[in-house]
Amino acid sequence: MAIAKLKQDINSALNNDNLTGALGRFGEAYLPAREKAYEGKDFAAIREQIKEIKSYAADHMEELAEQFAKQAEKNGAKVFRAKTAAEAKEYIAKVVKEHNAKTVIKSKSMASEEIHLNDYLLKNTGVDEVAETDLGEWIIQLCGQRPSHMVMPAIHMTRDEVAEIFSKETNQNLDPDIAKLVKVARENLRQKFLRAGIGISGANIAVAETGTIVMCTNEGNGRLTTTVPPVHIILVGLEKLVPKFKDVGPILEALPRSATGQKITSYVTMISGPTPAIDLDGNIIEQKELHIVLMDNGRTAMRDDPMFKQALQCIRCASCLNVCPVFQKVGGHVYGHVYTGGIGTILTAFLNSFEKAGELQNLCLRCERCKTYCPGKIDLPALIAELRRRTVEKNGLPMGQKLILEKVLTNRKLFHSLLRTASVAQKPFVKGNVIRHLPLFFSGLTEGRSLPAIAAKPLRDKVGHYVPKSKPKAKVGYYAGCLGDFVYPEQGEAAYKVLGKMGMEIVFPLEQTCCGIPATQMGAPEVAVKLAKQNIEAFEKEGLDYIVSLCPTCVEVLKHHYVDYLKNDPAWKERAEKFAAKVVDFPTFVAKHGNNLKFKKLFTKATYHDSCHMKRTLNVWKEPRELLNKAGVKLVEMKGCDECCGFGGSYSIKMPEISKAILDKKLVNAEAAGADVLALDCPGCKMQIAGGLDAKGSKLPVKHTVELLAEALDD
Amino acid sequence: MSVVLTKNPMDALYNEFKEKAEAISAEVHRVADVKAARELVTKIIKELGTNKVVYAPSELTQSIDVQAIGKDAGVEMTSENLRQNAADAGLGISQLDYAIAEIGTLVGNATSIESRMVSILPPVHVALVRTANILPNLLETIALYNNKLGELPRYLTFVTGPSRTSDIERVLTIGVHGPGRLIIVFID
């Protein structure tokens, strides 16, 4: 049921041109702005500092909270420790009632959204209004929506929609002129600031050492909220604590740069105690009431979880959303709660509902982009995968998936014979060498893209043990991967040709099978462990120097995941480590050992698509470009060359609509490059992009780098 | 009216500050002494055509003698009853303690209610800063306050350019809840 609702939300988001347009434009503008803001800064060093500060703070949450409370009270604030959302709301309502406030103004506080504070105050106190004062938040409040982005809450709306909303609010007929609309907001909210009895704000950082609250805003609403009303309540989650005042430095250097590409926000306010104020009658109050509500609401539970503790390193910059290809297509509302995107999925699990988050993890493509940009150095994709695993552990797998994973995937002979059968059974659906329409549950997969046919003869039947005439330089095990073996055998043949020319002896261990990534992605790691053992066994008996594969995801799994899966089994751990040490991706291997290769010029113009796992996980992107250059190919870079194509393995089956929307953007960029061929280094990306181009009627061929290299070899 | 002084050790920092602050829409001036500052502020007020100016009493507002400026410019110059007066004044004048060259930011102790009211409510803010107090970057500024944590102001403020928003369609608009103009006057 819940999944059906999610799918419905996704479809309506994908059909909302305002949303996808605004998000797409922002996604494009964000990266150069961010890069410019970080000029002259060492991002790697800053994020390392933040990680240290925040992980220390997470480990010492309770003592820092105590130190903060003590220090802030010494400074003259009243500190309340709230275990739950209910406790926080009750306390704040009590303060509001004590002061008999009629108007409350609030400046951006995600924590207050998290606990639905506005509603509570309206129902349980005598206030007439609780006004959001950030422009975006106010727009959202007036039309009864939820923020769709942590930093830009109304990014999904157009100026026309805002004009309509403001016209209704002010009983005027307003033009969709942004400068004028901003002025209307200024005038309207100004009156609210001036008559507010209480200001409520959030915090970006809370310093235990000095009892200081740090807050960043651009509009000045934060300054007004903390200055004009005679009472100030600060609602702050325990995750905002840092030990020392100097810890503010690195966080303040990263937060605005990562959030909006600014070097600093217009206003940064550091409050270390109550200040004077002027009451509603104009009298000076020497020391106003300052309340600080330190809220737990799931945060210590997060800290106590050995895996998810890492998520507390988040500084709420939302850059994980800004670079997420899925977020750029569907926006924040499909996430269903206040925190959205990658980090939102995780926060929702702990601060709102684990059930909901279990569904949301389905949105993640695992393109790993967020991980590269996170200033808190959080491994978001790993945490989302862990959510998936826990959801499956709790709810079990759907029957069909369970059957495929447990009975088919772990039985290599059955799996491979089914693939061979499929190559025959698919015949009615094949036209040329491409499947146009698939029956039954696969139908979503051919929506907007053609699928390649399963090859009549798999790679394993075409290649075997190759021994060069002269003394072999090294003995290489060839790992094909499912697509490389059964769908694109020509890529493997090309690889054999290149490796042969390099003077390598090549072995194709026949017992090799699926790397296991689909099982991990579906939340069945026990299946992946079985497959890991099968593959390690298949290769270790051959006495190899290297194990080479054309698929970056397979390389990642073989090289990095197996050791992790088997780390608690000493004997297997050692075998996995030895195995992993030999695994290398194809471009790196050729770049390193292929100096003897001679190429004739190809005179082709190629554009290159960086596969997510090749570029971000394996950090390989220079090598294929160098190899293509050597082969005489002229490279023309396409816009967004390292943006995900939307494949994501089983993702394209689970979320075909999103996958296709992301693909469409890639296709436009690919064709706009004006190249003769699109080169890439991942069979999965080839399936996605070539399928999309075919369905679109495009003539742009897609080739694995190895195919171009093989063509250029000088025989 | 602004003068550019040469061979001053602060020149490089000032130039960097000016470049960074202007890039985010602040207006930056530098004058040789309080007399020149007085003339510049008077001129600014006359150009604005406002009839009410609010100020936060401080060492620099006193040395440029804002009350005399008010008389010269023919405006009401006050720091009283600021809930009312700051809300309908055309300009607010306050002093800030430091400037950060790298990011074009002003920093200061804003604990007094006057300094906050006059710098955030009126549509224009004139900030007076001593040229000698320009610091190179944010981290050194944090370090400076960190060196005297016992004296940390209760309300420490960092101001960078005028108030801004991009909340509607990501279009940058200057001046939302805070001032739409930030005029910085460095006094040597």
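The sequence lines fix the lettering, A, B, ..., with proteins before strands; numbering per chain opens at 1. Just so you know, these numbers use all the heavy atoms, side chains as well, and skip hydrogens, waters and symmetry mates.
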Rounding to 0.5 Å, atoms OH (Tyr155(B)) and OG1 (Thr226(A)) come to a distance of 2.5 Å
For chain B, which of Leu252(A), Thr260(A), Ile284(A) has the most heavy-atom pairs under 4.5 Å? Leu252(A)
Below 4.5 Å from any heavy atom of chain A, which atoms of Glu169(B) appear? Answer side chain, backbone, both or neither. both
Option that, when pairs with chain B are counted at under 4.5 Å, heavy atom only, ranks first among Leu280(A), Val214(A), Thr217(A), Ile155(A): Leu280(A)
Pairs of heavy atoms under 4.5 Å with chain A: top-ranked of Glu114(B), Lys20(B), Met117(B), Arg170(B): Arg170(B)
Hey, what do you get for CG (Leu82(B)) to OG1 (Thr227(A)), rounding to the nearest 0.5 Å? 11.5 Å
For Asp279(A), is there any backbone N or O sitting under 3.5 Å from a side-chain donor or acceptor partner on Arg83(B)? yes
In terms of heavy-atom proximity below 4.5 Å to chain B, should Asn283(A) be classed as side chain, backbone, both, or neither? neither
Glu164(A) atom CD, over 12 foreign heavy atoms within 6.0 Å: no
Heavy-atom contact with chain B under 4.5 Å, split by part of Val228(A): both
Using non-hydrogen atoms and a 4.5 Å limit, figure out which bit of Gln262(A) sits close to chain B: side chain, backbone, both or neither. side chain
Heavy-atom pairs under 4.5 Å with chain B - which of Ser272(A), Pro250(A), Gly220(A) has more of them than the others? Ser272(A)
Under 4.5 Å from any heavy atom of chain B - which part of Leu189(A): side chain
Contact origin within Pro179(B) toward chain A - heavy atom pairs under 4.5 Å: both
Sort Ile174(B) into side chain, backbone, both or neither according to what part of it lies under 4.5 angstrom from a heavy atom of chain A. neither
Taking all atoms of both residues into account, what is the closest heavy-atom pair of Gly249(A) and Leu138(B), and its distance? O-CD2, 4.4 Å
Which atoms of Ala143(B) approach chain A - backbone, side chain, both or neither, heavy atom under 4.5 Å: neither
Strictly distance-based, threshold 3.5 Å: is any side-chain N or O of Arg190(A) a donor or acceptor partner for the main-chain N or O of Leu121(B)? yes
d(Asp167(B) CG, Ile140(A) CD1) to nearest 0.5 Å is 9.0 Å
Above 12 or not: heavy atoms from other molecules or residues under 6.0 Å from CD of Glu80(B)? no
Please classify the contact between Ile168(B) and chain A as side chain, backbone, both or neither, with a heavy-atom cut-off of under 4.5 Å. both
Neighbourhood of chain B inside residues 23-33 of chain A, taking heavy atoms under 4.5 Å as contact: Phe26(A)
Show the numbers, then the answer: is there a side-chain contact (heavy atoms from CB on, under 4.5 Å) between His177(B) and Thr225(A)? CA-CA 10 Å; His177(B) 305 305; Thr225(A) 303; over 6 Å; no
Tell me whether the count of non-hydrogen atoms from other residues, nucleotides or ligands lying under 6.0 Å of CD in Glu76(B) goes above 12. yes
Distance-only polar pair, side chains of Arg223(A) and Ser163(B), donor-acceptor under 3.5 Å: no
Out of curiosity, Leu152(B) CG to Ile271(A) CD1, how far, rounded to the nearest 0.5 Å? 12.0 Å
Contacts of residues 205-213 of chain A with chain B (heavy atom under 4.5 Å): Glu209(A), Thr210(A), Thr212(A)
Verdict with supporting geometry, Val171(B) and Arg159(A), side-chain contact (heavy atoms from CB on, under 4.5 Å): CA-CA 10 Å; Val171(B) 173; Arg159(A) 65 189 80 188; 4.2 Å; yes
Under the 3.5 angstrom rule, does the side chain of Glu219(A) hit a backbone N or O of Val176(B) as a donor-acceptor pair? no
Chain A contact via Ile24(B) - side chain, backbone, both or neither, heavy atoms under 4.5 Å: neither
Under 4.5 Å from any heavy atom of chain A - which part of Ser115(B): backbone
Checking heavy atoms, do the side chain of Leu290(A), its backbone, both or neither come under 4.5 Å from chain B? neither
Take a 6.0 Å sphere around NZ of Lys35(B) and say whether it holds more than 12 heavy atoms from other residues, nucleotides or ligands. no
Contacting moiety of Thr105(B), where chain A heavy atoms sit under 4.5 Å: side chain
What's the spacing between Asn109(B) CG and Met270(A) CE if we round to 0.5 Å? 13.0 Å
Could you have a look at Pro274(A), Cys216(A), Ala154(A), Pro153(A) and say which one has the most heavy-atom pairs with chain B under 4.5 angstrom? Pro274(A)
Where on Thr173(B) is there a heavy atom nearer than 4.5 Å to chain A: the side chain, the backbone, both, or neither? side chain
Among Thr265(A), Thr133(A), Leu181(A), residue most engaged with chain B (heavy-atom pairs, under 4.5 Å): Thr133(A)
Counting neighbours of NZ on Lys52(B) that are heavy atoms of other residues, nucleotides or ligands and sit closer than 6.0 Å, is the number greater than 12? yes
Contacting moiety of Arg164(B), where chain A heavy atoms sit under 4.5 Å: both
Nearest atoms (heavy-atom pairs only) where Pro162(B) meets Ser266(A): O-OG, 3.6 Å
Please flag which part of Gln287(A) lies under 4.5 Å from any non-hydrogen atom of chain B: side chain, backbone, both or neither. side chain
Pairwise distance CD1(Ile120(B)) to OG1(Thr269(A)) - rounded to 0.5 angstrom: 8.0 Å
